[in-house]
Amino acid sequence: AKGAGRGGVQVFDEAASRRALDRLELRSDLAHAVARDELVVHYQPLVDLLDGAVLGFEALVRWLHPVRGLVPPDQFIPVAEETGLIADIGTWVLDEACRQLAEWQAEHPGRALRMSVNVSAAQLHDPTAAARYLQGITAAGVQPRDVWLEVTEHSSVRSEVSVFAHEMHRSGVRFALDDFGTAYSNLGDLTRLPVEALKIDRLFVSRLTADRAERGLVQAVLAVARSLDLQVVAEGVETQEQREELLALGCRQAQGYLFSRPVPAEAAAELLRTGTGM
Ligand code: C2E
Ligand code: CA
Ligand code: CA
Ligand code: CA
């Protein structure tokens with residue numbers, strides 16, 4: 001067993017250095033990704049839990065690497081944050097998502113469609129970020145109030161986020177606190193930030209029907225949201241049971257595989273026309 005352990009360590013070391021090399025390679029490739037047109041935005045519908053109607057979308061970036069294929073954001077967003085490339089990538093995603101929103105709003109003039117875009121704390125060190133974002137929104141011709149920026153609790157405690165958030169908020173852009181519940185000790189941020197929605201983390205939704213305590217937590221989040229006059233979006237709804245439980249608790253808005261995975265723009269446009277079928 002001891003020998004196998006040593007062998008295991010050696011294998012682990014090789015794997016670790018391969019990963020480090022991999023990261024270096026990703027780093028240099030990512031520097032060209034925007035210019036080479038390798039990024040794409042997929043869209044996951046935000047739905048009304050009652051009838052599955054599409055209320056809007058969350059823009060989620062993907063990297064179509066020429067050799068590796070589709071690289072998920074969890075693998076390259078941290079690299080982009082480390083290298084500062086997130087500024088370019090974030091601007092690109094926002095511009096693209098706003099252009100897409102304008103197109104869909106023109107096709108569906110009667111509907112109040114919104115677009116959510118994720119923002120990393122690392123993007124906000126840049127004092128010109130707010131101006132750049134507002135420029136993208138204006139250039140696309142969409143209303144700032146239809147654009148939602150999703151920040152995490154982790155990033156929201158940082159003062160520069162707050163400055164950025166207040167500047168954007170003054171212009172009408174709205175904020176949602178992402179992954180809510182993963183660090184609920186920071187509830188105080190809610191009163192300091194111009195947040196208008198909470199997104200309940202997928203972890204809580206996944207345990208909702210199995211665990212009484214989890215149900216209590218979601219109930220508490222909904223109570224906080226109500227008292228602060230915030231909207232609530234449940235993330236990661238995968239089953240009818242979860243949907244029914246959320247509705248019973250008074251939550252109306254959600255995203256999740258039950259309705260649709262994030263899909264390319266053409267498929268999202270189709271969902272807008274036909275509904276999610278749920
Ligand atoms: P997030 O903002 O919490 O996004 C939700 C993630 O959950 C997405 O993963 C989505 O595909 C996944 N998801 C949605 N519904 C379900 C479900 O029912 N079940 C399960 N198992 N998963 C579901 P994705 O697209 O891989 O994105 C991962 C994270 O990468 C995002 O988490 C976000 O933090 C980050 N990200 C994505 N796009 C961007 C971007 O443009 N900018 C920045 N800064 N971060 C981004
Ligand atoms: Ca998000
Ligand atoms: Ca989330
Ligand atoms: Ca997240």
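Whatever order the structure lists them in is the order used to number ligands and atoms, beginning at 1.
- Among Val61, Asn118, Val205, the residue whose heavy atom lies closest to atom 33 (C) of ligand 1 is Asn118.
- Among Gln75, Arg261, Gln255, Glu238, the residue whose heavy atom lies nearest to atom 21 (N) of ligand 1 is Glu238.
- The distance from ligand 1 to the heavy atoms of Glu235 drops below 4.0 Å at these ligand atoms: 3 (O).
- Checking side-chain atoms of Glu167 against main-chain N and O of Phe164 turns up no donor-acceptor pair under 3.5 Å.
- For Leu247, the side chain to side chain contact (heavy atoms under 4.5 Å, CB included) partners two or more places apart in sequence, or in a different chain, are Leu49, Leu50, Arg243, Arg252.
- Distances below 4.0 Å separate heavy atoms of Val237 from the following atoms of ligand 1: 18 (O).
- With the Ca ion (ligand 2) as the vertex, atom OE2 of Glu58 and atom OD2 of Asp178 span an angle of 170° (nearest 10 degrees).
- Of all the atoms in ligand 1, the ones that sit under 4.0 Å from a non-hydrogen atom of Gly256 are 15 (N), 18 (O).
- Geometry at the Ca ion (ligand 2): OD1/Asn118 and OE1/Glu150 form an angle of 90°, nearest 10 degrees.
- Metal site remark for the Ca ion (ligand 2): Ser116 contributes no N, O or S atom at a distance under 3.0 Å.
- Electrostatic pairing of Glu235 and Arg202 does not count as a salt bridge here, judged by no charged N lying under 4.0 Å from a carboxylate O.
- The part of Asp178 lying near ligand 1 is the side chain, judged by heavy-atom distances below 4.0 Å.
- With respect to Asp88 and Arg132, no salt bridge is recorded, no charged nitrogen being found less than 4.0 Å from a carboxylate O.
- With a 4.0 Å heavy-atom cut-off, ligand 1 is reached by no atom of Pro72.
- Remark: ligand 1 atoms within the under-4.0 Å shell around heavy atoms of Asp179 are 3 (O).
- Pairs passing the side chain to side chain donor-acceptor pair (under 3.5 Å) check and including a residue from residues 54-65, sequence neighbours excluded, read Asp29-His65, Glu38-Trp63, His42-Arg62, Glu58-Asn118, Glu58-Lys199, Glu58-Gln255.
- Atoms of ligand 1 found under 4.0 Å from any heavy atom of Glu58, numbered from 1 in the order shown, are 2 (O), 4 (O).
- Taking all heavy atoms of Tyr257, Phe259, Phe76, Trp92 into account, the minimum distance to atom 22 (N) of ligand 1 is reached by Tyr257.
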